[in-house]
Amino acid sequence: YDPVFGDTRTDGLYIPKEQADYSKQMLLPLSDILTPNHFELEYITGKSISNKQERLEAVNTHKLLKNKQIVLTTAEMVENEEHQVEVILISDGKLTHFYVENEVVGTGDLFTGTLSAQLTMGRTLEQAIQTSMNFLSEVLRYVHAHQLKEMNAMAILQAQSVLQVK
């Protein structure tokens, strides 16, 4: 379940509050894995989250989230002093961190699409996250090396070898 409600960079919701609440009410209970961004996790939990303790408390005390696997994309945490793009797997009360150096608009969507494809191919969630992060890193290297403002098809095509099953 990728909520796609909004983002901190756009000052909140992309969609009307009623639609976000309806999506949360109807789809969240059906999901096993969530891929919210930082804003969306705060919206779902109704809590402000800025550090590891708040993140774990918000998830572990939420009646629907505590038993789900959450892949928090574009996490915005005070512990991330390097300001890297951080993805955090929250599962069974444990946190696993994954990083890439840079970000451009659309990285969350590309990440979620790649993650879904990797899971469909039978990878574990941890393997799927790592492969998706490696792919995203290659795409972003191309984007920055060519001084692009956004990802393009060539950036994605040149990175596809990362996705090959070994």
Side-chain angles (χ1 to χ4, degrees), residues 1-10 13-15 19-45 49 55-56 58-59 62 64-77 80 84-144 148 150-166:
Y1 172 50
D2 187 11
V4 193
F5 296 159
D7 198 314
T8 56
R9 291 172 289 193
T10 59
L13 291 172
Y14 298 143
I15 61 176
Q19 290 177 1
D21 291 343
Y22 183 77
S23 174
K24 184 171 73 167
Q25 176 188 353
M26 300 304 289
L27 297 177
L28 179 61
L30 302 175
S31 67
D32 295 318
I33 300 171
L34 283 76
T35 57
N37 64 29
H38 189 92
F39 171 85
E40 292 157 346
L41 184 61
E42 287 185 333
Y43 189 86
I44 289 169
T45 63
I49 302 169
R55 181 176 43 245
L56 284 173
V59 170
H62 191 279
L64 292 176
L65 295 182
K66 63 182 174 184
N67 296 318
K68 297 186 185 296
Q69 296 185 87
I70 300 167
V71 182
L72 177 60
T73 63
T74 57
E76 299 169 10
M77 300 295 139
N80 185 354
Q84 296 171 297
V85 177
E86 181 176 20
V87 170
I88 302 170
L89 171 60
I90 307 166
S91 182
D92 298 323
K94 293 183 253 176
L95 305 172
T96 307
H97 299 264
F98 302 84
Y99 299 95
V100 291
E101 295 297 320
N102 302 298
E103 180 183 22
V104 295
V105 173
T107 55
D109 296 327
L110 181 60
F111 173 80
T112 297
T114 306
L115 178 72
S116 297
Q118 293 296 308
L119 291 171
T120 300
M121 293 173 58
R123 302 262 174 114
T124 66
L125 185 54
E126 290 83 359
Q127 291 170 330
I129 292 170
Q130 189 61 65
T131 299
S132 299
M133 293 298 285
N134 292 344
F135 176 67
L136 196 56
S137 288
E138 287 302 312
V139 169
L140 293 174
R141 273 192 199 96
Y142 182 93
V143 167
H144 290 285
L148 302 174
E150 58 186 32
M151 292 178 279
N152 63 19
M154 188 56 75
I156 293 169
L157 288 172
Q158 69 80 33
Q160 71 182 357
S161 64
V162 172
L163 302 175
Q164 303 304 318
V165 177
K166 295 178 177 141

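The side-chain heavy atoms of P3 and I44, taken from C-beta on, include a pair separated by under 4.5 Å. Annotation: side chain of T73 is not in contact with side chain of D2 (no heavy-atom distance under 4.5 Å). Residues I156 and Y142 form no side-chain contact, since every pair of their non-hydrogen atoms from C-beta on lies 4.5 Å or further apart. With contacts defined as side-chain heavy-atom distances shorter than 4.5 Å, the pair L64/P29 qualifies.
Scanning both residues, I129 and V87, for their nearest heavy atoms gives CG2-CG1, 4.3 Å. Shortest non-hydrogen contact noted between G6 and F39 is C-CD2, 3.5 Å. Taking every heavy atom of both residues into account, E138 and Q158 meet most closely at O-NE2, 3.0 Å. Nearest heavy-atom pair across I15 and Q19 is CB-OE1, 3.7 Å. Residues L41 and P36 share a closest heavy-atom pair of N-CB, 3.8 Å.
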Side chain to side chain contact (heavy atoms under 4.5 Å, CB included) between F5 and D21, worked out: CA-CA 9 Å; F5 296 159; D21 291 343; over 6 Å; no
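The backbone N or O of L28 sits less than 3.5 Å from a side-chain atom of S31, completing a donor-acceptor pair. Counting only distance, with no hydrogens or angles, the side chain of Q69 and the backbone of I33 share no donor-acceptor pair below 3.5 Å.
A donor-acceptor pair shorter than 3.5 Å can be found between the side chains of N134 and Q130.
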